[in-house]
Structure formats: C-alpha cells, structure tokens
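In what follows, a single structure is set out as structure tokens and then discussed.
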Amino acid sequence: QQLDALDLEDQPKNNHSSSRKRFTPRTSRQNSVQWFQRQSSKLVLKKDLPAPPSQRGGFDSPEQDNDNSTTKKEEEEEEKEMVAVLNANTPNGKALVRGLAQNGSDAVVVVAIVRVFTSKNAKELLEMPNVVVKVADLQDEAAVTRALDGVHRAFLCLHQWEEFTSRLEEDQARVVLRACAVNQVSHLVFSTFEDTKQLRNKGLKSQIVPDPQGRIQPKFRKMKPIKREARKCRIRLTHMITSYLDQEKSKKCLCLIMGENGKLIVQPHFQDV
C-alpha cells in the first residue's frame, strides 16, 4: 500500500498539458520504485519510525517493529543455557552466581534460587545482569520443582565436600535431585567453597587432605546413597570444591572437580600482586 501511495505522488496530474507524456501504470510504478531506491539511501530515520525495505526488508509499523524486537529478544533468551544456583542467598552461593553470570554472560542466564527474597544477598542478586531470582524453600519439593522449570544445569551449594553436614542438608539435596528429575535437568553439581584464611584463623584444616603418598583421593562414602539415586534418575552428579586465599597481595585458588568416572580434575589459579 505504501508503494501505491508513492506511485500516486510521483505521477503527473491529469490537468497538465496534453503535450506531456502520459505515464502508463507499469511505467509509473517502475519510476516510483527507482525514485524510492534513490531516496531511501539518503534517509536518516528516527529510531521510533519504521525503516525502508533497503534497511529492513519490508514495511512495518512502529508497534510491529517493537513486537518483532521483543520476540527476537525472547528467542535469544531461550537459546541461552539456563543454569540454576540453589542456596544462592549464602555468601558462597552469591559468589558462584556472580562468577557464572560474568564468565558466561553471552550464553548463560543464571537462575538464583533463594529461601528469603528480602535478604541482603537476594537484593544484591537482583542487581546483577543476566540473573533471575526465584524463591523456593529447599524443603518444599513443589516449590523447588517450579523454580527449576526450564533449567539445563543446577548447582547446589553445600558446606562440606565429601559428606553432608546434617540430615537436613541431605534431605534438601534429595529434594533438589527429585526436582531435577521432574524437569529433566541432566547435570547436578554439589559445590563447596572454603576460605583458607578463615580456616587458619579458626584453627581448622582444609577439606582437601592428601594421603600419605601426597595424592588426593576423595571417597564420598557418606554420599553413596544419593549417588545411587542420581544414577537411577539418570542425572549426572559432579562434586566440586573451590579452596581460595583472598588477600590484598596474594590471590590463590584451587578448584577440584570429580565426576561419575572417578577422575579428579584440578584447576589451579594464582594471581600474585
């Protein structure tokens, strides 16, 4: 319709002298299209106006253009991997959310699952880019199942690496595991952090303990029941611990990852200032 309107504007009026060449509809349309192609390259349009075909490939109203932009953004969000962090309102959980959101910002949307929405850490999570905050008590299986909807991978922050610190923590892990099974989340990571400076100040030892030969061989004996349950649910269970030293002049980090194959992956990182 816009092309037809341009045809009418470009055609001479009928009350002109008869000596002027009359335009046939086909000639008129060809001239108008040529005129539009010449003029469209000179146009500088405002952002709220539709672009010409040479820039967009078609005519759309501003409302349709906005709808298309919204749809494209939603499609881009759907293409991103959704990664959930449970117990995200803890200091370690917040650190994990920040790291995932920053390092994989172009391909990852982090779902931070917290128990209390009004906590200080939850408010800080809301201000992070590429982060969606959801509320779910880890003792409420229905709530956790809803929170994990659409998630591809999940991280559960625990206090200890090789064992649960309490029966409550073990029960919460089982709730998360069953919720992952319902949502077809194929990978669950038990994530643990330890600050070596705090351990030293409290007179405690690291959870990473080598054997007499200097080898690190975690057994996870007290986690064998939940590992069997994970295999029945066809969920890949991974154990990860990050031991770090965060000082002004020395930042050191050691990350150990063990999967179902029993192989230990070591990722050291040192940054001395």
Side-chain angles (χ1 to χ4, degrees), residues 83-104 110 112-116 119-125 127-128 131 133 138 153-173 176 187-227 237-273:
V83 179
V85 177
L86 299 105
N87 280 333
N89 55 319
T90 63
N92 293 333
K94 185 179 69 173
L96 180 58
V97 170
R98 183 186 294 108
L100 291 171
Q102 291 178 349
N103 296 333
V110 183
I113 300 177
V114 301
R115 186 176 63 86
V116 181
S119 66
K120 178 182 177 181
N121 287 334
K123 293 179 180 178
E124 293 180 5
L125 292 171
E127 299 176 356
M128 296 183 186
V131 175
V133 180
L138 297 190
R153 185 182 310 176
F155 289 78
L156 175 60
C157 295
L158 302 175
H159 291 90
Q160 298 289 328
W161 188 33
E162 294 190 55
E163 61 184 23
F164 297 109
T165 56
S166 64
R167 180 61 184 269
L168 174 61
E169 189 178 57
E170 182 176 0
D171 291 342
Q172 291 176 344
V176 172
H187 191 190
L188 176 60
V189 181
F190 287 168
S191 178
T192 306
F193 292 81
E194 65 173 22
D195 186 342
T196 57
K197 181 180 178 180
Q198 291 184 0
L199 293 176
R200 186 165 55 245
N201 293 339
K202 296 179 180 179
L204 301 176
K205 294 183 179 181
S206 171
Q207 299 180 48
I208 303 175
V209 181
D211 61 16
Q213 287 74 34
R215 297 173 298 183
I216 300 175
Q217 295 180 327
K219 303 300 182 183
F220 303 103
R221 291 189 178 92
K222 296 184 179 181
M223 287 191 174
K224 285 185 177 180
I226 198 168
K227 290 170 73 70
L237 187 60
T238 301
H239 303 269
M240 181 177 72
I241 182 172
T242 304
S243 180
Y244 62 91
L245 175 64
D246 189 0
Q247 294 180 339
E248 183 177 353
K249 295 184 178 181
S250 180
K251 298 181 183 298
K252 301 178 181 180
C253 174
L254 180 64
C255 182
L256 304 181
I257 303 173
M258 177 170 281
E260 293 180 340
N261 58 7
K263 294 183 179 180
L264 187 66
I265 299 174
V266 182
Q267 293 184 332
H269 176 72
F270 303 94
Q271 182 180 355
D272 294 330
V273 180

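Computed over heavy atoms, backbone and side chain alike; hydrogens, waters and symmetry mates excluded. All values derive from a computational prediction rather than experimental measurement.
- The side-chain heavy atoms of Ile216 and Val266, taken from C-beta on, include no pair separated by under 4.5 Å.
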Could you pull out all donor-acceptor pairs under 3.5 Å where a side-chain atom in residues 90-100 meets a protein atom, sequence neighbours excluded?
{"from": "Thr90", "atom 1": "OG1", "to": "Asn87", "atom 2": "O", "distance (Å)": "2.8"}
{"from": "Thr90", "atom 1": "OG1", "to": "Gly93", "atom 2": "N", "distance (Å)": "3.0"}
{"from": "Lys94", "atom 1": "NZ", "to": "Asn121", "atom 2": "OD1", "distance (Å)": "3.3"}
{"from": "Lys94", "atom 1": "NZ", "to": "Glu124", "atom 2": "OE1", "distance (Å)": "2.6"}

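- For Lys222, the salt bridge (Lys or Arg N to Asp or Glu O under 4.0 Å) partners at least two apart in sequence or on another chain are Glu163.
- Going from atom CG of Leu125 over to atom NZ of Lys120 covers 12.5 Å, rounded to the nearest 0.5 Å.
- Using bins of under 30°, 30° to 60° and over 60° for the plane-to-plane angle, the ring pair Phe190/His239 lands in the perpendicular bin.
- Considering only heavy atoms from C-beta on, Cys157 stays 4.5 Å or farther from Phe155 through its side chain.
- The nearest pair of heavy atoms linking Thr242 to Cys253 is CG2-SG, 3.5 Å.
- In terms of heavy-atom proximity, Val131 sits nearest to Ala112 at CG1-CB, 4.1 Å.
- Residues Ser243 and Thr196 are in side-chain contact: their nearest non-hydrogen atoms beyond the backbone lie under 4.5 Å apart.
- By the salt bridge (Lys or Arg N to Asp or Glu O under 4.0 Å) test, Glu260 is found to be paired with no residue, residues two or more places apart in sequence or in another chain being considered.
- In this structure, Gln172 CD and Arg167 CZ are separated by 12.5 Å, a value rounded to the nearest 0.5 Å.
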Practice problem: Apply side chain to side chain contact (heavy atoms under 4.5 Å, CB included) to Leu256 and Leu264, showing your working. | Solution: CA-CA 7 Å; Leu256 304 181; Leu264 187 66; 4.1 Å; yes
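- In Lys205, the NZ atom is not crowded: 12 or fewer heavy atoms of neighbouring residues, nucleotides or ligands sit closer than 6.0 Å.
- Atom SG of Cys255 and atom CD1 of Ile241 lie 9.0 Å apart (nearest 0.5 Å).
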Quiz prompt | Audit row: Asp195, Arg200, side chain to side chain contact (heavy atoms under 4.5 Å, CB included) steps and yes/no | solution = CA-CA 9 Å; Asp195 186 342; Arg200 186 165 55 245; over 6 Å; no
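- Interatomic distance, CG of Leu86 versus CZ of Arg115, reported as 13.5 Å (0.5 Å rounding).
- Applying the side chain to side chain contact (heavy atoms under 4.5 Å, CB included) rule to Ile265 yields the partners Ile257, Gln267; only residues at least two apart in sequence or on another chain are considered.
- Distance CD/Glu194 to CD/Gln160: 9.0 Å, rounded to 0.5 Å.
- Listed by chain and number, the residues in a side chain to side chain contact (heavy atoms under 4.5 Å, CB included) with His159 are Thr165, Glu169 (sequence neighbours excluded).
- By the 4.5 Å heavy-atom criterion applied to side chains, Thr192 and Gln207 are counted as neighbours.
- Within the model, atoms OG of Ser206 and CG of Leu254 stand 8.5 Å from one another, a figure rounded to the nearest 0.5 Å.
- Looking at every heavy atom in both residues, Ala122 comes nearest to Val116 through CB-O, 3.6 Å.
- Ala101 and Val110 get closest at one heavy-atom pair: N-CG2, 3.7 Å.
- Counting heavy atoms from C-beta on, the side chains of Thr238 and Leu188 never come closer than 4.5 Å.
- Side-chain atoms of Met240 and Trp161, non-hydrogen and from C-beta on, never get closer than 4.5 Å to each other.
- Remark: Tyr244 engages no residue in a ring-ring contact (aromatic ring centres under 6.0 Å, His included) (not counting sequence neighbours).
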